[in-house]
Each structure stands twice: as C-alpha cells, then as structure tokens.
Colleague: 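Submitted below is the structure of interest, expressed as structure tokens.
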There are 2 protein chains.
Amino acid sequence: MVESRRGASHRTPRLTPNNHESARILVGDCVAQMATLPAESVDLVFADPPYNLQLQNDLRRPDDSKVDGVTDDWDKFGSFKEYDEFTHAWLKACKRVMKPSATLWVIGSYHNIFRVGAILQDLDFWILNDVVWRKSNPMPNFRGRRFTNAHETMIWASRDPGGKGYTFNYEALKAGNDDVQVRSDWTFPLCTGDERLKNSDGKKLHPTQKPEALLARVILSASRPDDLVIDPFSGTGTTGAVAKKLGRRFIGFERDPDYAKAAIKRINAVAPLEAPSIAPFVTAREAQRVPFSALIERGFISPGANLVDSKKRHKALVRADGAVMLGEKVGSIHRIGALAQGLEACNGWTFWHVETRKGLLPIDDLRAKVRAEMN
Amino acid sequence: MVESRRGASHRTPRLTPNNHESARILVGDCVAQMATLPAESVDLVFADPPYNLQLQNDLRRPDDSKVDGVTDDWDKFGSFKEYDEFTHAWLKACKRVMKPSATLWVIGSYHNIFRVGAILQDLDFWILNDVVWRKSNPMPNFRGRRFTNAHETMIWASRDPGGKGYTFNYEALKAGNDDVQVRSDWTFPLCTGDERLKNSDGKKLHPTQKPEALLARVILSASRPDDLVIDPFSGTGTTGAVAKKLGRRFIGFERDPDYAKAAIKRINAVAPLEAPSIAPFVTAREAQRVPFSALIERGFISPGANLVDSKKRHKALVRADGAVMLGEKVGSIHRIGALAQGLEACNGWTFWHVETRKGLLPIDDLRAKVRAEMN
DNA sequence: CTTGCGAGTGAATCATTAG
DNA sequence: ACTAATGATTCACTCGCAA
C-alpha cells in the first residue's frame, strides 16, 4: 500500500524484494527527505525539476484567451545562481543514494537543462545520452516569433565516469522497435485526456504532468523488476504509477501535500502487470556463461571434429580440452577465429560451424541447447 | 572574391552592401581575429565549436573495422574548466561584434552543449529556442550500450535579454512548411556524397563537416539578404558557401590554413542565387495545411526552378525558403496554386509538377521520396 | 539502360570478468 | 589496483562494379 509520511522521523524504509506494493511518497523537501535513505540503495532516479521558466508577461493566444502557463511558486527562482545552488543540492543528494550501477534521468527545457547538464558534469556524473522527447502535439508559438517549442530534453547519466555496470535493456528495446536500435529521439504525445489528472473544477491539477508512455520507456530502458526507483519531484506520481505498473519499487518526494495526496490515490489504483509481461528479457549477454568445453563434455561435439566458417574457407580441429587448432596454432575458438581471418578479435561462437546432414550449424546454436539443458 | 588574410594587420573589413561576393576567411584564432571587427557590425553568428569529445579508446564495428573518430588536436581540452574558459572567451568576442538585433546559433552534442548553454546564459544572452537536428542516417551504437546518438542540439539566442528586434522569417518559413509553423526539431541527413569535401586520397577532409541544408535553414530563418554572417569556427566553409548562395555577406575565422584554403576554393565556386528566389517577403497571416521546403533542402527541387500545372498553363518560381512566386505574389504551394486558378483553395501537392527528362512529375511524388528518406 | 551485391562510412565520451 | 582473456556488437546510405 502506498503511504505518505511527513517529516524525517522514520528510519530506513523497509523495502522487501518482490513486494510490488512497496511504493511510497514522502512529503517534504527532497534533499532533506533523501537524507533519510541509506547510501547506495537506489537503482534508478527520474527527476522532473522546476524549469526556472522566467515567464515575464501573460501569454495570450490569437483569440486573446490567456495561456495557463507555469506560474507556481515552486518554479520561482531569483537568479541563475540560486537555481544552480538548488540543482547542485538535489543532484548531490541523489548521487549519495545511488548504487554504483544506478543511473539518473533528468528532464528539462532550454530554460534549465543546460544548467542541469553542466552541474551534472561538474558533480562527476557521466552522461550516457541526451534523449529528445519530440511532442507530437505541442502548443504552437502564438506570437510567431520563434520556432514551435516542440521538444524537451532528457539527460541520462551514470553515477560515475566510465559508466560501467548500469542497466540498459538493449535487446528488449530493439525487439520492441522492429529489430532496430532505439534512437535518442522519442516521439510521444503530451499527457492529455483521461490520463491528465483534474481538479474538482475540471482544471488540470498539475501544470507539467508527464505522459506515462515517456516514463514507461525510461523505466523499461534502464531498470529491472524489483529495482528501486525514486523521483525527487514526484508531483502527481506519474513515475510511481508507471514504476508500480512495471513491477518496480518506488519512493517519491513531494513538497506539496495536495500533489502527494493525489499521487497516493493514483498509485493505489494501479495494478501491477502480470509477471511474464515485465519479466526481464534474458539475452545472450546476460545468459549464464557456457564455455566451449561444455559442448564437448555434453557430447554435442566430439574431440577430433572439425569446425569451419560459414564459407568453409577455414577449418579448425577440436581438441579434447576445448581448445582448437589451426595448423600448428592452438587457442580458444575466439583467438583461432581471429587468427584465421587476420583480425584482432572474433566472436568464435558465431564464426565457427559444424557440418551436419542438414548443412552448417553455428556452434552458437549448440550453446543454446546446452543452456536449455541447464534450466 | 573570397580572400584569405593572415594575422590581424588589416583594419575594418570593407563590406559593401549588395556585393554578394564579399565573403572572406580570416586565418587565425577567432577571438584575436574578431577583435579586428568593429563592434555591433554583425547580423548573424553561426558557430560549430569543438565538442570536447574526450574519446578514450578506439571503437570497432562488429566487422572489426575501426571507426574513424574525431581525434584532432583542436578537440583536446585538459578539463571542463579549460573548455569553459575557451567557450567564455569566444562567446564574449561574438557578443561584442553582434548588433543589438543580431542572433547567434551554436551547435553541439551532449559533451559540450550544456556548458555552452549555461555560459550563454551567464553572459546574458537570451535563448530563443533550442533546436534539435535529427539525423536521418546516424552512425549506430555498435556496442549496444546506449541509445543511438541520433541528434545534435543547436541553441539560438539573441544578444540581450528580452530578445527584441531580431530577424525571424516566420511567414516565409511557414509558407515553405506547407503553412504549418516550423518546429524545434529538424530532420536532415548527414553530409555525405559529393557535398563532402575529400582529400586527394579520397578521405574526408574535415571530420565534422555540416550539411548545407542545415545551414540553409538557419540562415533563411534568422537573416536577410545582404546581412553580415560570421562563423568563428569556419572549417571547410559550409556557412560561407551557403551564405554566399543566399546573398548574405560572410566572414569566417579558421585556425587551420589547409581548411581555410579549401573553404576559399569552395566559396569561390558558389554562385549566388538570383534575387527573386531569395527576396524577403511579407504577407498577411494565412492559415492552411502539409513540408515543401524539405524538397529543396534535400535537393529534389532547386531554388529558382519552375513549377507548372499538368497542362503547363501556369508557372511558379521556387524560392530558397520554400515559398513560391507567381508574378509579384508570394506564398505557399497551396495558396499560389489557388491564385493561379482563381480558386479559393488548392492542394499544391497534386497541382504542381516539375519538368524532368521523362516528362512532368507531380511534386507529391517527390514528397513521397522525402518521406521515404525520413523513415 | 537497370538491378544487385559487396564494401565503405558517419562528432562515439560504446565491456566485463577472471586472475 | 592492474593485465589478459573472453566475448558481444550496426543503421542508413553511397559508390563502384558486375550481371
């Protein structure tokens, strides 16, 4: 059950694995609240900080109706310096609670994203991508003085330089994208219709509610089921709702009790998806390691057999110990494959084949059979 | 004639209005060279500074070939601090020579653009838009560890807060975009093929040459004929070549004499377009609907070409910005098509044709090709 | 003439584990 | 800490040449 807590009186949250209901909103300043979390406990951060918009005057549409812009107090900063200090503080708080393998996403517009990005770099985060959210239905530029502001920018960064060990569900994303790598520009419509939370008067409850589709792609890209996701500026709880739906644990931080209340109600109404639909995609990269010798031990290949490449230009002899020979040279399937081609490196699993009655069979297919046996 | 000058010995450049051949490259450090220009003399700045890529190791494709990355000395900086100082210096030099009405464009990637943007704001520039160049054919992510880095970011800023009085050819852009406002995300292919300058050995002359279509849209958006355009990091002279073609004056700055030499040769070979195809126009606001300028940007139709109807009863002149002219009247393909027939409305896509060796071709067929390119 | 195929390439912060 | 070994990995487009 989602619960709301005020103040910093509680200790370490009790977060049990496989409890998909462990989602909560902590009401208060995110920097103070994050201090209550243990260090290195978080897998993924998504942050939608105030944009520091600096709207000077009312903006009016051609029919003279007033555009309902962001004029809330939480978006007021006196200067870039003040905004930078604020940004520095919450990013540093995030860094403390992030696991070494964690990554962080921040969304913003040209008003604030350059400051956020520079501070991220100054704090020794490591930018992995900037990702553009292209809005399929942006608000036009009513004055005709600029290009239609049709996108927002997200920065995806790992905690430390080099950025190793982070989660990126490459194969799953690619499979869902007609087998083509997902690019750094994503197209989604704005959050409208039933998804947009409304006040009792029918007005939008929050000025910058993000679409769930955007959060779903973020969470599916960079986390796994049961991971802990946090959102320092939780607002109406979009991140929490999507995290819960996708079987991730969640902690949100929100200063405004009304937003927090709405978020709790919203998250409570979410039913997590069934496990199979969110189960991690087991890929070759993540699968249990099967050494080449296992193919011999299991009888899929006999010592003394020959390996050939797909065009039968090279032939290697299989030794009983799992090494292979090409002429006088002995080595791994990878090293000998590289040697055969005169290359620095080679994936022996895809390079080498065995001859069968039905033609050439990549030894990678035999590895798949061994893996199946092991499960 | 384009000329190259070394050092800072010359005085104020003599730049006569309506002299479309007044394009020059000054060889040397751009900050030192800009100091030789008078204050408040420039209308438009386009800058493609070093990105500070910080590449560590070499990268290989799946076929083990090596990726030809940017390893030039001019992209090496010791630290963010050093890069920031460099950025601060050239932006400040730009600000001095900019007219109060001038605007500046900077292009970059996530490696540097956040620092550039923050420094722009610190220097009291006023960001008008960030514009995303979506690459239709980016290099993939070979290791499958990130999203395909498929875009670069441009920042468009006016010299002073409030940003009043700057040039934005809203009507022409809209007319060239089938009567829809141009958005902040632009799609263009990389600079390849004949447009890409090559060394005598057939290798690319410059590692980061930008496509002319991108520069054309920048210059058409934010300047007028005879305006003075400068480029602090002129490289192979793309900005100068496009500026000359579009009837703008140009001064480029380039440290490397070899690049400067190639740029001069390139710019000398450019013939300015005829005046009618680039003349600014002002119309009442019009409303209608679908991108004609893409056909020009992609090279399917040349500025100055004629469109005709299927029976060759009407003929319209194609402008560089994507609007078309019939007599004195300027507007979108739809509006001008309607005007030609004395009708209220017209679908310009099916009405207008281009003449080819094989006969008349509806421009809608060309649109289909562009669509195919963009997918 | 067109079509097909193989090679090449573009601003890229592009790995993890065992020893 | 480091080195060495293992192993995973590409999209859109252009050009040249063969068929």
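Below, chain A is the first sequence line, B the second, and so on; all start at residue 1. These numbers were taken from a predicted model, which means no experiment stands behind them.
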Colleague: Mind checking if N347(A) touches a base, just sugar-phosphate, or nothing, with heavy atoms under 4.0 Å?
Modeller: base
Colleague: Report the nucleotide, chosen from dA11(C), dA12(C), dC11(D), that has the shortest atom-to-atom distance to any side-chain atom of W74(B).
Modeller: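 That would be dA11(C).
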Colleague: I need the single residue from K95(A), K99(A), R159(A) that forms a salt bridge (charged side-chain N to carboxylate O under 4.0 Å, His left out) with E40(A). Which is it?
Modeller: R159(A)
Colleague: Of the candidate nucleotides dC11(D), dA11(C), dC13(D), which contains the atom at the shortest distance from the side chain of K210(B)?
Modeller: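 Closest nucleotide among those given: dA11(C).
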Colleague: Looking only at atom C1', what distance separates dT10(D) and dT9(C), rounded to whole Å?
Modeller: 11 Å
Colleague: Given the P atoms of dT17(C) and dT9(D), what is the spacing between them in whole Å?
Modeller: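 It comes out at 14 Å once rounded to the nearest Å.
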Colleague: Counting the atoms with a prime plus P, OP1 and OP2 as sugar-phosphate, which does T208(B) contact under 4.0 Å by heavy atoms, base, sugar-phosphate, or nothing?
Modeller: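 Base contact.
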Colleague: Report the residue (T350(A) or R183(A)) whose heavy-atom-nearest nucleotide on DNA chain D is the more 5′ of the two.
Modeller: T350(A)
Colleague: Can you tell me if the side-chain N/O atoms of K164(A) get under 4.0 Å from OP1 or OP2 in dT17(C)?
Modeller: no
Colleague: Would you say the side chain of K204(B) and the base of dA11(C) hold a donor-acceptor pair, judged only by whether the two atoms sit under 3.5 Å apart?
Modeller: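 A donor-acceptor contact between them is absent.
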Colleague: Checking E254(B) side chain against G235(B) main chain: does a donor-acceptor pair fall under 3.5 Å?
Modeller: yes
Colleague: What nucleic acid atoms does P161(A) come within less than 4.0 Å of, heavy atoms only: base, sugar-phosphate, or nothing?
Modeller: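 Nothing: the residue P161(A), judged by heavy atoms under 4.0 Å, touches no strand.
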Colleague: Which is true for I127(A) with a 4.0 Å heavy-atom rule: it touches a base, it touches only sugar-phosphate, or it touches nothing?
Modeller: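 I127(A): base contact, heavy atoms under 4.0 Å.
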Colleague: The side chain of D48(B) is closest to which nucleotide in this list: dT10(D), dA11(C), dA12(C)?
Modeller: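 Ranking dT10(D), dA11(C), dA12(C) by closest atom to the D48(B) side chain puts dA11(C) first.
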Colleague: P211(B) near the nucleic acid: base, sugar-phosphate alone, or nothing, with a heavy-atom cut-off under 4.0 Å?
Modeller: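 Answer is nothing: P211(B) stays at 4.0 Å or more from every strand.
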Colleague: How long is the line joining CZ of R367(A) and C1' of dA8(D), in whole Å?
Modeller: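 Atom-to-atom, R367(A) to dA8(D), this comes out as 9 Å.
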Colleague: With a 4.0 Å cutoff (strictly under), does any side-chain N or O of R145(B) reach OP1 or OP2 of dT16(C)?
Modeller: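 Yes, R145(B) has a side-chain N/O under 4.0 Å of OP1/OP2 on dT16(C).
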Colleague: Compare side-chain N and O positions of R146(B) against OP1 and OP2 of dA15(C) and report whether any pair is under 4.0 Å apart.
Modeller: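 No.
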Colleague: Suppose we call a contact any N or O donor and acceptor under 3.5 Å apart; does that hold for the side chain of R335(A) and the base of dG7(D)?
Modeller: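 No.
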Colleague: Counting the atoms with a prime plus P, OP1 and OP2 as sugar-phosphate, which does G348(A) contact under 4.0 Å by heavy atoms, base, sugar-phosphate, or nothing?
Modeller: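 The answer is nothing, as G348(A) stays clear of every strand by at least 4.0 Å.
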Colleague: Could you give the distance separating dC15(D) and dA11(C) at their C1' atoms, to the nearest angstrom?
Modeller: 23 Å
Colleague: State which of dG10(C), dT10(D), dA11(C) makes the closest approach to the side chain of Q181(A).
Modeller: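 For the Q181(A) side chain, the nearest candidate turns out to be dT10(D).
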Colleague: Could you tell me whether Q56(B) contacts a base, only the sugar-phosphate backbone, or nothing, with contacts defined as non-hydrogen atoms closer than 4.0 Å?
Modeller: nothing
Colleague: Above 12 or not: heavy atoms from other molecules or residues under 6.0 Å from NZ of K76(B)?
Modeller: yes
Colleague: dA8(D) base to R143(B) side chain: any donor-acceptor pair below 3.5 Å?
Modeller: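 Such a pair exists between side chain and base.
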Colleague: Hey, can you tell me if W156(A) and F168(A) have their rings parallel, tilted or perpendicular (30° and 60° cut-offs)?
Modeller: tilted
Colleague: So does Y166(A) get a side-chain nitrogen or oxygen closer than 4.0 Å to the phosphate oxygens (OP1/OP2) of dC14(C)?
Modeller: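 False: Y166(A) side-chain N/O out of range (4.0 Å or more) of dC14(C) OP1/OP2.
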Colleague: Under a 3.5 Å limit for both distances, which nucleotide forms a Watson-Crick or G-U wobble pair with dG7(D), could you say?
Modeller: none
Colleague: What nucleic acid atoms does N129(A) come within less than 4.0 Å of, heavy atoms only: base, sugar-phosphate, or nothing?
Modeller: nothing
Colleague: The side chain of P62(B) is closest to which nucleotide in this list: dA11(C), dT10(D), dA12(C)?
Modeller: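 Comparing dA11(C), dT10(D), dA12(C) against the side chain of P62(B), the answer is dT10(D).
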Colleague: Name the pairing partner of dA12(C), where a pair is Watson-Crick or G-U wobble with both distances under 3.5 Å, or state none.
Modeller: none
Colleague: Exactly one of I155(A), I219(A), L44(A) should register a side-chain contact (heavy atoms from CB on, under 4.5 Å) with W105(A). Which one does?
Modeller: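 Exactly one candidate clears the test, L44(A).
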Colleague: Determine the interatomic distance between C1' on dC1(C) and the same-named atom on dA18(D); round to the nearest Å.
Modeller: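 It works out to 14 Å between them.
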Colleague: Do the side-chain N and O atoms of H334(A) and S332(A) include a donor-acceptor pair separated by under 3.5 angstrom?
Modeller: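 Absent: no donor and acceptor within the cut-off.
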Colleague: Please determine whether a side-chain nitrogen or oxygen atom of S332(A) lies at a distance below 4.0 Å from atom OP1 or OP2 of dT6(D).
Modeller: yes
Colleague: According to a strict under-4.0 Å criterion, is H334(A) in side-chain N/O contact with OP1 or OP2 of dT6(D)?
Modeller: no
Colleague: Can you tell me if the side-chain N/O atoms of K174(A) get under 4.0 Å from OP1 or OP2 in dC11(D)?
Modeller: yes
Colleague: Quick one: is dG10(C) close enough that its OP1 or OP2 comes under 4.0 Å of any side-chain N or O from K135(B)?
Modeller: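 For dG10(C), neither OP1 nor OP2 has a side-chain N or O of K135(B) closer than 4.0 Å.
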Colleague: Report yes if a side-chain nitrogen or oxygen of R196(B) is closer than 4.0 Å to either non-bridging phosphate oxygen (OP1 or OP2) of dA11(C); otherwise report no.
Modeller: yes
